[in-house]
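Have a look at the structure below, then the notes.
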Amino acid sequence: MTVARIARTLLTLLVCLWAMMPKPALAGQIVGVTFGRTLYSIDPLTGNATLLLAGCAPCGPYLGASSSPDASSIFIDSIVNVHEINLTTFQDTARGGILSPLDLAFDPSTKNLYDTNGSALFTVQCPSPPSICTETQVGPVFPTSHMQAMGFVPGAGLYGVSDNFLYLINGSTGATTPVGATGLPDMTKGITDLAYDAGTGRLIASAGCSKFASSGGFNAPCDESHQGSIYLIDRSTGHATLLNGNAPLIVGLAEVVPEPDSALLFALGFGALLIRSLRGPKNVSSTIIR
């Protein structure tokens, strides 16, 4: 066995060791946000909600959430601003003013942040330092004016729910393809947001209110005085399966991108040094200078 092959084998063993180590709590975590910005960790298998951070009333109200390009952070939107919250430190950073606040969705492949006013899809670019974000409409208006929930699924695209009906939305053209009814009968207690859990391959939905009746203040159908539900959504049919019928009333869902694992970084760095040391210094004496 050559020195290079020995080094590669040792590096592979280091990476395998990392894979067997316990992972950080935030890896693959879905976070739910309430009207008053209370944060919950949502179990994608059971729908159980665990409190992460108490709300900040009278701030908000908040209406949607999405993943962000930054590790361990999510975007949330109030009726006037886009915020980014770090789930490790819980620091809240305002990113800019927003005009279409019903929900957010982030495409990590294109780095596009989307929002909706219910009637159309928009891309969002927020300036630095924060001021009014630029929102550009993508394609024509939706065939429905009640699109209040959106979520991005890698490899599939952008999904949205309007009047408890699931649609696939083209992020480049804004065109919608109907998928199917969720089966929830009450439009006033409809799907409020979607988030995809990459670890389990599940599209999770929160439900319990209509955001269209909730953007005027805290005395609204979406505040914490009401009960919510967590569902599993079948992406092929749109059908919703109840996971937790006794959940907080969550208006925004987002999957958290975990921080790079320090153990993996150590394994890769150690492996690179090992390969270099086993190869030894380059023999410069054989080099002929012409």
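The figures here come from the full heavy-atom set of this structure, side chains too, leaving out hydrogens, waters and symmetry mates. Treat the numbers as computed from the prediction; the structure is a model and nothing was measured.
When each of L52, T50, I74 is paired with Q29, the side chain to side chain contact (heavy atoms under 4.5 Å, CB included) condition holds for L52 and for no other.
For E135, the side-chain hydrogen bond (donor to acceptor under 3.5 Å, both in side chains) criterion is met by S100, not counting sequence neighbours.
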Assess whether side chain to side chain donor-acceptor pair (under 3.5 Å) is satisfied between D197 and T200, documenting all intermediate values. CA-CA 6 Å; D197 179 66; T200 60; 2.5 Å; yes
Applying side chain to side chain donor-acceptor pair (under 3.5 Å), run through R202 and Y196 and close with a yes or a no. CA-CA 6 Å; R202 289 179 151 216; Y196 180 73; over 6 Å; no
Take S162 and T144 through the side chain to side chain donor-acceptor pair (under 3.5 Å) test and state the conclusion after the steps. CA-CA 7 Å; S162 173; T144 169; 2.5 Å; yes
List the steps and the verdict of side chain to side chain donor-acceptor pair (under 3.5 Å) for T134 and Q125. CA-CA 5 Å; T134 300; Q125 293 82 34; 5.3 Å; no
Output a table of donor-acceptor pairs, distance under 3.5 Å, between side-chain atoms of residues 240-251 and any protein atom two or more places apart or on a different chain; print 'none' if there are none.
residue: N244; atom: OD1; partner: N246; partner atom: N; Å: 2.9
residue: N244; atom: ND2; partner: G47; partner atom: O; Å: 3.0

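For the residue pair T110 and D107, a side-chain donor N or O sits within less than 3.5 Å of a side-chain acceptor on the partner. Side-chain contact, S206 with T192: a donor N or O sits under 3.5 Å from an acceptor N or O. Inspection of the E84 and T93 side chains reveals no N or O donor paired with an N or O acceptor under 3.5 Å. Between the side chains of E255 and S67, no donor N or O sits under 3.5 Å from an acceptor N or O.
Formation of a donor-acceptor pair under 3.5 Å by the Q137 side chain with backbone atoms of G139 is found in this model. N164 contributes a side-chain N or O that, together with a main-chain N or O of I191, makes up a donor-acceptor pair within less than 3.5 Å. Between the side chain of K211 and the main chain of L102, a donor-acceptor pair closer than 3.5 Å is present.
For residues 65-123, the set of pairs meeting the ring pair (Phe, Tyr, Trp, His ring centres under 6.0 Å) definition, not counting sequence neighbours, comprises Y62-H83.
Both L113 and I98 belong to a single network of hydrophobic side chains, linked directly or stepwise wherever heavy atoms of I, L, V, M, F, W or Y lie under 4.5 Å apart.
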